[in-house]
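This report refers to the structure that appears directly beneath it.
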Amino acid sequence: MLEEMFPMELLRVLLSLIGLGSAFMAGRTMAAARKGQIKAGRHIAWMFRAVICLAALAFRQSLDALMIGTWVLAAVAYAGGWWQMTHAKPPED
């Protein structure tokens, strides 16, 4: 009954989007932690979320395009978040 209402692929896509967002935020918090703007614990929390979401994609599934694409995009999102935070304009006075 539940599988008819929520197809498993839709849930995997939503999990992928959450993992991508978590990877982006992990990159941002890594750059902020290295600058000393935030504590390292926030970076660890975002990394934990990203790893759990990306690992959950492989649970009871064989390797497929969604999984590979999400992992590649997560690496790009992590780098993009880091780059955005390191190249941010300083706040105006």
Side-chain angles (χ1 to χ4, degrees):
M1 173 85 182
L2 185 61
E3 290 181 7
E4 293 172 8
M5 293 174 57
F6 297 107
M8 189 56 73
E9 287 303 312
L10 175 64
L11 295 176
R12 289 183 72 215
V13 169
L14 291 175
L15 194 60
S16 298
L17 293 174
I18 294 170
L20 289 174
S22 297
F24 177 78
M25 288 304 297
R28 286 182 55 88
T29 56
M30 184 185 107
R34 293 191 82 187
K35 287 183 180 180
Q37 296 173 346
I38 62 168
K39 293 182 180 179
R42 292 181 77 184
H43 171 64
I44 294 169
W46 280 113
M47 281 299 295
F48 181 75
R49 290 178 189 118
V51 167
I52 292 298
C53 288
L54 296 175
L57 289 175
F59 184 71
R60 292 188 180 180
Q61 298 288 328
S62 60
L63 195 63
D64 61 349
L66 176 69
M67 196 181 315
I68 294 170
T70 301
W71 290 345
V72 169
L73 287 176
V76 171
Y78 187 87
W82 176 81
W83 187 87
Q84 183 185 28
M85 192 65 179
T86 56
H87 291 83
K89 292 182 181 178
E92 295 185 17
D93 293 334

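Numbers here are sequence positions counted from 1. Worth knowing before you read on, the calculation uses all heavy atoms, side chains too, and leaves out hydrogens, waters and symmetry mates.
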- Item | Residue pairs passing the side-chain hydrogen bond (donor to acceptor under 3.5 Å, both in side chains) test where at least one lies in residues 17-36, sequence neighbours excluded |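 Counting only pairs at least two positions apart or across chains, the side-chain hydrogen bond (donor to acceptor under 3.5 Å, both in side chains) contacts touching residues 17-36 are Arg28-Gln84, Thr29-His43.
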- Query: Under a 4.5 Å side-chain heavy-atom rule over Ile, Leu, Val, Met, Phe, Trp and Tyr, are Met47 and Met25 clustered together?
  - Reply: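 Shared cluster, no.
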- Message: Test of understanding: clusters of I, L, V, M, F, W, Y form through side-chain heavy atoms closer than 4.5 Å, transitively. Do Leu10 and Met67 belong to the same one?
- Response: no
To which residues is [X] joined in a hydrophobic cluster, defined by side-chain heavy-atom contacts under 4.5 Å among Ile, Leu, Val, Met, Phe, Trp and Tyr, whether direct or through other members?
| X | answer |
| --- | --- |
| Ile44 | none |
| Ile18 | none |
| Ile38 | none |
| Met85 | none |

- If you look only at pairs with a residue in residues 44-57, which of them pass as a salt bridge (Lys or Arg N to Asp or Glu O under 4.0 Å), with sequence neighbours excluded? none
- Query: salt bridge (Lys or Arg N to Asp or Glu O under 4.0 Å): which pairs involve residues 73-89, sequence neighbours left out?
  - Reply: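 Output for this query is empty, none listed.
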- Message: Using the side chain to side chain contact (heavy atoms under 4.5 Å, CB included) criterion, which residues pair with Ser16? Sequence neighbours excluded.
- Response: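 Ser16 satisfies side chain to side chain contact (heavy atoms under 4.5 Å, CB included) with Leu57, Leu66, Thr70 only.
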- Query: Of all residues at least two apart in sequence or in a different chain, which pass the side chain to side chain donor-acceptor pair (under 3.5 Å) check with Arg12?
  - Reply: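 By the side chain to side chain donor-acceptor pair (under 3.5 Å) rule, Arg12 matches Glu9, Asp64.
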- Residue pairs passing the ring-ring contact (aromatic ring centres under 6.0 Å, His included) test where at least one lies in residues 56-93, sequence neighbours excluded: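 Listed by first then second residue: Trp83-His87.
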Give me the atom names and distance for the closest heavy-atom approach of [X] to [Y].
| X | Y | answer |
| --- | --- | --- |
| Gly19 | Cys53 | CA-CB, 3.7 Å |
| Ala74 | Leu54 | CB-CD1, 3.6 Å |
| Ala40 | Ala33 | CA-CB, 4.3 Å |

